Student: 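Pasting in a structure now, in structure tokens, and then I'll have a few things to ask.
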2 protein chains.
Amino acid sequence: MSEREPKPKRPPRAVDVAAAAEVSIATVSRVFNSPEKVAPPIRERVLAAAKAMGWMPHAAGSALARRRSSIVGAVIPTLDNEVFAAQVGAMQTAFAERGITLLLSCFNYNQDQARSDVQAMLARGVEALAIVGESHKPDLFADIQARHIPYVVTYSHRPGSPHPCIGFDNRQAFRKIARHLLDDGHEVIGVIIQPTTGNDRVADRLDGIRDALAERGLGIRPQHLYEGEWSIDFGRQSVRAMLETAPRPTALICGNDYLAIGALLEARAMGLAVPRDLAITGFDDIAISRQMDPPLTTMHIDNHEIGRRAAAYLLSCLQGESPTPAPPLVPTLVLRGTTGALAPARGA
Amino acid sequence: MSEREPKPKRPPRAVDVAAAAEVSIATVSRVFNSPEKVAPPIRERVLAAAKAMGWMPHAAGSALARRRSSIVGAVIPTLDNEVFAAQVGAMQTAFAERGITLLLSCFNYNQDQARSDVQAMLARGVEALAIVGESHKPDLFADIQARHIPYVVTYSHRPGSPHPCIGFDNRQAFRKIARHLLDDGHEVIGVIIQPTTGNDRVADRLDGIRDALAERGLGIRPQHLYEGEWSIDFGRQSVRAMLETAPRPTALICGNDYLAIGALLEARAMGLAVPRDLAITGFDDIAISRQMDPPLTTMHIDNHEIGRRAAAYLLSCLQGESPTPAPPLVPTLVLRGTTGALAPARGA
DNA sequence: TTGTATGCGTTATCAA
DNA sequence: TTGATAACGCATACAA
């Protein structure tokens, strides 16, 4: 068979470009990695040859020789929650600006899945890892640390955490929400929240609520605590069931905006006036929340900022620096229409 | 210096595992790639050694030798739209089941960005590519085809497209919406839609509306066409401005649900009864749409299904098959509360 | 069934 | 400033 087919099926390699430009393969490599080290005329020749044959450095070979993959991984629960989608989007953008590509994995709130996702990413040679939350199997973090690659936990920032975190203090945030409601005069407060098992962020939120209530000698009555999937529907069901209990709560703290929106919609459908008959709070401030009627009182989290900060932190680590992870973000309470001072007790 | 440090900083390689298990490196490789070809006792020994030192095949080396990266790329406009987030999430899951990892890139509706995203992915050696829409720079597809890797265009399915598509016919879908409104008795129909320039999907949608109107000898009046970013706010502004024109539209077709939700909220805020004073339609059927008051009439697209199908198609190609891309999906018109037959003309 | 040896495409070291 | 060449970590044809 002929040595040189006119149409080589296989993609061109650096040697081909080198031959075409009549230079050595080393020069080709230099043109793409440290162009200042090669004389301009030669540089142009190589560039032209490369463009003509559509060549670009092959990542696998490059990664092998350079011992750097230029890939980082993001491990999140799901893209179906706007909150994580925003984080990932921001990270991707920030990394892309630095020539780093993002590997994505969704573990669907399954700890085993998260573990194997991380392993798969490590095998792919990710240079850094961002992972949502810190309630994972201990092996997961051990695996990461064994590889000596930088990582960050996002969307959470527990005081005293052994991990670098880019997030906020979930417990404190919910303490603040609960205190606000208490200051508004509420004493019977219901809670609709995501499953706490295996989810540190959510467990912290519930603890924060309990903290604030305890400060006033109050607690969450069992019949006022609903725990389940974060969905509008679960918010609806829960509020309907809860309002049949006695005493009826006058305020409702929801674990996120989806739950709160469900609660709000159902409460209104039941003919209740919000916030007069029932005050409602959410968490995250997703896009639709301010559009509700009345607009949802919630806590605003800047998830794009979390993504950007996580990327900046990891990027800094990759440059050999040892950045101290920034202090926690402080979510801001956005008081809108679903809360307000409780009217003085009627009757009595 | 000593040959065997107790704490080797650098991660273990196949040779290390081979030494520990007292086999050759080839056997180690076989255990992980074609386990049936190695005797069970030896297999166990190798597995144990690998687990003990936390070894797993290094992707770059593997990719180089195997000439396969086991990476595919997804190129989408943005994760901030639930529609694309769902597609990516579903693809990621489907690929993960087959040991393939997903590289993600968001081009933010910028054609140049899309082009360079694709190039970056090709350089990374992606084995396949999924990309949203087909109105990209021609070079983009040329680059992909030059690499001879399989690809699909998602979220769009133009008849006669030169590309394999997993999506639906945008033009036909909007024709159907418009016809429905016409059948309901509307004759003055407004449109709020995303920017059409550089976006085939949106341009098709507008054409579909025009088709249906033309069939009845009607058209879109210039003062009834608002084109801008897909946001709730743009929906609000547009409807407010449009309702000051004469004749006032009795129905509004929106390019997606975000725009429609904005229109609905603003119309109600202005004291209009929906659908009596103004009928409104959306597109995509995002999660919140059915929760609106009244619930939004829209077209349902199963974006998880699009993601799954795209993954299945690419997976099939990677196995050497030549699947015919499935026929277009057919979006279903979901009639909810924001449309209804127009009351017979008052007065006259 | 297992081992040996070569190739994969690039980068980096060193010498010219 | 440029070129020759040895890694980089793994998979696979081929030999045993």
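Chain naming here is simple, since letters A, B, ... match the order of the sequence lines and numbering starts at 1 in each. Keep in mind that what you see is a predicted model, and the values were worked out from it rather than measured.
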Student: Walk me through it: do Val28(B) and Arg30(B) pass the test side-chain contact (heavy atoms from CB on, under 4.5 Å)?
Tutor: CA-CA 5 Å; Val28(B) 174; Arg30(B) 278 192 211 98; over 6 Å; no
Student: For DNA chain C, what residues of residues 21-30 of chain B have any heavy atom nearer than 4.0 Å?
Tutor: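 Heavy-atom cutoff 4.0 Å gives Val23(B), Ser24(B), Ala26(B), Thr27(B), Arg30(B).
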Student: Taking the six-membered ring for Trp, are Phe84(A) and Tyr155(A) parallel (under 30°), tilted (30 to 60°) or perpendicular (over 60°)?
Tutor: perpendicular
Student: Output yes when at least one side-chain N/O atom of Arg66(A) is less than 4.0 Å from OP1 or OP2 of dT10(C), else no.
Tutor: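 Result: no.
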Student: Output, in order, the C-alpha distance, side-chain angles, deciding distance and verdict of side-chain contact (heavy atoms from CB on, under 4.5 Å) for Leu104(A) and Val75(A).
Tutor: CA-CA 6 Å; Leu104(A) 175 69; Val75(A) 179; over 6 Å; no
Student: Please list, in 5' to 3' order, the outermost nucleotides of DNA chain D lying under 4.0 Å from any heavy atom of chain A.
Tutor: dT1(D) to dG9(D)
Student: Is there a side-chain contact (heavy atoms from CB on, under 4.5 Å) between Leu315(A) and Phe95(A)? Walk through the geometry before answering.
Tutor: CA-CA 8 Å; Leu315(A) 245 10; Phe95(A) 281 127; 3.7 Å; yes
Student: Could you check whether any side-chain heavy atom of Ser105(A) comes within less than 4.5 Å of a side-chain heavy atom of Met121(A), counting everything from C-beta outward?
Tutor: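 A side-chain contact exists here, since the closest heavy-atom pair is under 4.5 Å.
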Student: Using whole Å, report how far CG of Asp16(A) lies from P of dC8(C).
Tutor: 12 Å
Student: Hey, are Glu127(A) and Arg68(A) close enough for a salt bridge, meaning a charged N less than 4.0 Å from a carboxylate O?
Tutor: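 Salt bridge between Glu127(A) and Arg68(A), a charged N being under 4.0 Å from a carboxylate O: yes.
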Student: Just the rounded figure in Å: distance from C1' of dT11(C) to CZ of Arg68(A).
Tutor: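 That distance rounds to 13 Å.
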Student: Whole-Å distance between dT11(C) P and Lys37(A) NZ?
Tutor: 14 Å
Student: Using a 3.5 Å distance criterion without hydrogens, assess whether the side chain of Ser34(B) forms a donor-acceptor pair with backbone atoms of Glu36(B).
Tutor: no
Student: What is the ring orientation for Phe107(B) with His136(B), classed by angle as parallel under 30°, tilted 30 to 60°, or perpendicular over 60°?
Tutor: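 Rings of Phe107(B) and His136(B): perpendicular, as their planes differ by over 60°.
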Student: Using atom CZ of Arg67(B) as one end and atom C1' of dC8(C) as the other, report the distance to the nearest whole Å.
Tutor: 6 Å
Student: Closest nucleotide of DNA chain C for Ala39(B) versus for Trp55(A): which of these residues is on the 5' side?
Tutor: Ala39(B)
Student: May I have the distance from Leu64(A) (atom CG) to dT11(C) (atom P), rounded to whole angstrom?
Tutor: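 It is 11 Å, rounded to the nearest whole Å.
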